[in-house]
Amino acid sequence: MEELPKSYNSEAEIKIYSLWEKSSLTNPDRMKEYLEKEGVEVKSPFTITLPPPNANANLHLGHVCGYSFHDVIGRYMRMKGHPVLLLPGKDHAGIQTESVFTKHLEKEGKTKEELGREEFFRQTYEFCMKNAKNAREQEKRIGLSADYSRELFTLDPRLTEIIYETFFKMFKEGLIYRDKRIINQCPKCNTALADIDTEHESKRGIFAYIRYPLADSPEEYITVATTRPETMLGDTAVAVHPEDSRYAKYIGKKVLLPIAEREVPVIADEEVDTELGTGAVKVTPAHSPVDFELAQKHGLEIVNVINEKGLMEGDIPERFKGMETVECSKALVKELNELGLLEKIENTVHEVMVCERCRTDIQPIISNQWYLNVKPLAEKALKELQRNKVKVYPKGQQRALEHFYANIQPWCISRQLWWGQRIPVWYSGGKKLYDWLLENKGKTVGDFEKEVGIKANGSGELFLGEEEPKSSKGEIWEKEEDVFDTWFSSGQWPFSTLEALGEEDLKKYYPTQMMIHARDIIFWWSARMIMMGLYRTEEVPFKDIFVTGMILADDGSKMSKSKENSVEPKAIFDKYGADALRLWYYSDALPGSNAPLREEKIKGNRNFINKIWNASRFIIMNIDKSEILEISKNDIKETEKTERVKDHVLQVGKYIEKYQFNLGAESIREFFWHELCDIWIEEAKKQVEGEPVGSVKRIEVFTELLYVLKENLKIMHPFIPFVTEAVWQELVNLDLAEGVLMAQQLRLI
RNA sequence: GGGUGAUUAGCUCAGCUGGCUAGAGCGUCACAUUGACAUUGUGAAGGUCACAGGUUCAAGUCCUGUAUCACCCACCA
């Protein structure tokens, strides 16, 4: 009767989204009111705090598709009578954003130092807000039914306050402390990094064999092999294996470090591998984690020769000062060769640590940083995992997480950045004094003044708080410059967000039900959220972790901007629509496995979306205006078909609850296309052939068909919300349905 | 060095607690079709489920081992 377009136009998706927004039923409080009004039993709230994407760029396909998992489960739960809260947010992404925005400034010929800390922070904030807006639009474009009235940014002052509380509590309990040890320094980002923020890469390098003459008999020498000759300037020992007969006679003697002209001892340690290199190893405690351990064990001196920018410094010959490490290495090799102390150089490939963000080589250096002793937290988290209070899907990832907890090391939480939450600490008499006293246990402020030669205007104590503390006479307080590691705040995301939104939200919606995110951040994020959540709330922040697969380029390689094989979400939306993309993702991106993006597969799903539109169109167009009243009575008899539909709906529901979205997606496609369309509609055509409009037969056939269609739209809606809602609204226009499909309740009994 | 996962049709993959005469999508081939849908329908071809053992009435599915690949973790100069 009514002329509907011949094919489904996915451009309508934007209009449909605004319909949902207008309904405000993405707000769980409104949804609860709605259910009460409808006289439906209100079930317990269902909450997922959504992973906040970095607010320094647009979303990529992985983000966007990831949200379709949140959304399918959220929509399903909503249609089951749970007030659902999908809580969105955006992440300030400390180091990454600082680097992105600094580059952005560079292009305009500016530096962050010119702007100053406050202005830099302000501009970066603005930059993030702009990106957040784009990201939000993209989230809506995939159909994410999140409650945007509650959206939070990780640097929101309400959140920062909660993060600070955690810090104070941890400090008071002795979990947080300052320590001087070897850290991973990224010379480019110019900040310390936690171990987890680094990656390993195979790189070509050299293996140089250098002769260290004995101090008391220069004609004898020990040859050491190294991949980093420049660190020899900071050597404080040579280590050999205690049972290595080649070197036994040298143990306890001294060698003369060439060029640096320093005498260092030959020590014996079990850790030394006699097979590797020459069996004698140079020890550089300040610039190698292994050597640092050795130095602790043997009480060796620590000599710093590389600074935080990766340049040579310290007690070294003038000519090397300020050189980059590689440059220095070359210069040293040349000089050693001239002195006849270079035995040979081999080319090798070795593993080097690089910055996870900018892929610059990590410089291990000695530095004072803030640490969190995560061991006790990890133990609790591990126990909860083992008690199945938190489950990880797929199972294999759970074991990886358990392993992570079992082997956890202190977490360096301070970063030398401007973009982030400033650590709320004040030092009486300055940070330098505090660190000096820490290193020189038992000494006093007076000793500091004498030995360092600086007047200390303070007691060397700490004050915890944001605002400058009151000073007694002459006392000067220095504010901590460092900020928290991003993950220190995002690690508190589930409870911090809900708490920031108010006592009531926390009570109603915490703990949350599940966490869904990509595999690559499981240690960074989920691992931390469980620990911090337990610490602050004594409850696990979520019961299930669902780890999504990664989207790959069509040749199976990783998508990356540099390879120019990445696909913009917009391109897919424009061409095939969000529903088609979602349906493809459910089917192909199984947890733990990767999904190469094949356009023809999305196209196949788009065909199905269109099929839904057309089957509905057929039914709608065949119902005569005069028959609407009769049909809308929905006087439905229990038939074989209605029973089949009921079973089908139940089955799909089970799949969703077991997180088997691929089976759910397959199931709805199979049922709608090959049962409803290919068989039932074809049958109906024959049944009504020749029947006059308004006949009992026609009313019966179309009543049943309409019922079947509506039940199918409902169960398909969580997967493909747009087209199903579009059809539903056409039915509403004809008085054949009511309200929004999003809020309809499934019949699951 | 340790861990996890994968290996099933030409391609991408499903197959939950063992019952399969092994499935889907895309591709291929044949036929049909102005149909609600030129974004359709019907049908066909195509697989000793990596390999070798074992448990079982029964194994793609469980166990052991082997091989190849992928990812993660790890301080080896």
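All values derive from a computational prediction rather than experimental measurement.
With sequence neighbours left out, the ring-ring contact (aromatic ring centres under 6.0 Å, His included) criterion links A/W613 to A/Y8. Annotation: ring-ring contact (aromatic ring centres under 6.0 Å, His included) contacts of A/H648 (sequence neighbours excluded): A/F671. Shown here are the ring-ring contact (aromatic ring centres under 6.0 Å, His included) partners of A/Y212, two or more places apart in sequence or in another chain: there are none. Residues meeting the side chain to side chain donor-acceptor pair (under 3.5 Å) test with A/Q386, sequence neighbours left out: none. With sequence neighbours excluded, the residues satisfying ring-ring contact (aromatic ring centres under 6.0 Å, His included) with A/F722 are A/W20.
Between A/E683 atom CD and B/A36 atom P the separation is 17 Å, expressed in whole Å. To the nearest angstrom, C1' of B/G1 lies 12 Å from CD of A/E351. Taking atom CD of A/Q651 as the reference point, atom P of B/G15 lies 14 Å away to the nearest angstrom. A straight line from CG of A/D195 to P of B/C76 spans 12 Å, rounded to a whole angstrom. Nucleotide B/A36 holds its C1' atom 16 Å from the NZ atom of A/K686, rounded to whole Å. For the pair A/E670 CD and B/G15 C1', the interatomic distance rounds to 14 Å; values are reported in whole Å. Between the CZ atom of A/R669 and the P atom of B/A24 there is a distance of 12 Å, rounded to whole Å. Atom CD1 in A/I679 sits about 18 Å away from atom P in B/A36, given to the nearest Å.
Between A/K641 and A/E683 a salt bridge is recorded (basic side-chain N to carboxylate O distance below 4.0 Å). No salt bridge links A/K297 with A/E271; every basic N to acidic carboxylate O contact stays at or beyond 4.0 Å. Ion pairing of A/K603 with A/E600 is absent here, as no side-chain N (NZ or NE/NH1/NH2) approaches a carboxylate O to less than 4.0 Å.
Closest approach to the A/K282 side chain among B/A77, B/G15, B/A36 is made by B/A77 (side chain taken as heavy atoms from C-beta onward). Nearest nucleotide to the side chain of A/H200, out of B/C26, B/A74, B/A14: B/A74. Among the nucleotides B/U12, B/C26, B/A36, the one closest to the side chain of A/K601 is B/U12. Side chain of A/E682, nearest nucleotide from B/C37, B/A77, B/U4: B/C37. Among B/A36, B/C76, B/C26, the nucleotide with an atom closest to any side-chain atom of A/F618 is B/A36.
The same atom, C1', is picked in B/A24 and in B/G46; the two are 15 Å apart, to the nearest Å. Taking the P atoms as reference points, B/G53 lies 47 Å from B/U40, given to the whole Å. Taking the P atom of each, B/A38 and B/U61 are spaced 45 Å apart, rounded to whole Å. B/U28 and B/G10: their C1' atoms are spaced 8 Å apart (whole Å). Rounded to the nearest Å, the gap between the C1' atom of B/U56 and that of B/C13 is 30 Å. B/G60 and B/G43 are spaced 28 Å apart, taking the C1' atom of each and rounding to whole Å. Taking the P atoms as reference points, B/G5 lies 11 Å from B/C62, given to the whole Å. Comparing B/G23 with B/A9, their C1' atoms are spaced 10 Å from each other, to the whole Å.
Across all strands shown, A/V272 has heavy atoms under 4.0 Å from base atoms, whether or not it also approaches the sugar-phosphate. Heavy atoms of A/D588 sit under 4.0 angstrom from primed sugar atoms or phosphate atoms, though from no base atom. Base contact: A/K685 has a heavy atom under 4.0 Å from a base atom. At the heavy-atom level, A/E293 lies nowhere under 4.0 Å from the strands shown. Nucleic acid contact class of A/I619 (heavy atoms, under 4.0 Å, all strands): none.
Rounded to the nearest 0.5 angstrom, A/N605 CG and A/R582 CZ are separated by 12.5 Å.
Each of A/E691, A/Q687, A/E627 was checked for a side-chain hydrogen bond (donor to acceptor under 3.5 Å, both in side chains) with A/R698, and the lone residue meeting it is A/E627.
Within the 4.5 Å cutoff, the side chain of A/M232 has no heavy atoms near those of the A/V224 side chain. With contacts defined as side-chain heavy-atom distances shorter than 4.5 Å, the pair A/C412/A/D197 does not qualify. Looking at A/L709 and A/F672, their side chains come closer than 4.5 Å, going by heavy atoms from C-beta outward. Side-chain contact between A/S68 and A/V72 is absent, with no heavy atoms from C-beta onward closer than 4.5 Å.
Annotation: of the two residues near RNA chain B, A/I196 and A/A615, the 5′-most nearest-nucleotide partner is A/A615. Looking at which nucleotide of RNA chain B each of A/T278 and A/E666 is closest to, the 5′-most match is held by A/E666.
Within the structure, salt bridge (Lys or Arg N to Asp or Glu O under 4.0 Å) contacts touching residues 658-679 of chain A (residues at least two apart or in different chains) are A/R644-A/E675. Pairs of residues two or more places apart, or lying in two chains, that qualify as salt bridge (Lys or Arg N to Asp or Glu O under 4.0 Å) and include a residue from residues 344-354 of chain A are A/K344-A/E346.
For the segment residues 224-231 of chain A, residues with any heavy atom less than 4.0 angstrom from an atom of RNA chain B are, sorted by number, A/A225, A/T226, A/T227. Within residues 701-710 of chain A, no residue approaches RNA chain B, by heavy-atom distance under 4.0 Å.
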Problem set entry | Letter per nucleotide, 5' to 3', of nucleotides 39-44 of chain B [B base touched, S only sugar-phosphate touched, - untouched; heavy atoms, 4.0 Å] | BSSS--
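Side-chain N/O atoms of A/H287 and A/D291 include no donor and acceptor closer than 3.5 Å. Looking at A/T284 and A/D235, their side chains do bring a donor and an acceptor atom within 3.5 Å of each other.
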For nucleotides 68-72 of chain B, print each protein N/O atom paired with a nucleotide N/O atom at under 3.5 Å, atom names and distance only.
none

Exercise. Would you write out the dot-bracket form of RNA chain B, 5' to 3', with Watson-Crick and G-U pairs under 3.5 Å, [ ] for crossing pairs, | for pairs to other strands and . for unpaired bases?
Worked result: (((((((..((((.....[...)))).(((((.......))))).....(((((..]....))))))))))))....
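Classification of the A/Y659-A/F661 ring pair by plane angle, with boundaries at 30° and 60°, yields tilted.
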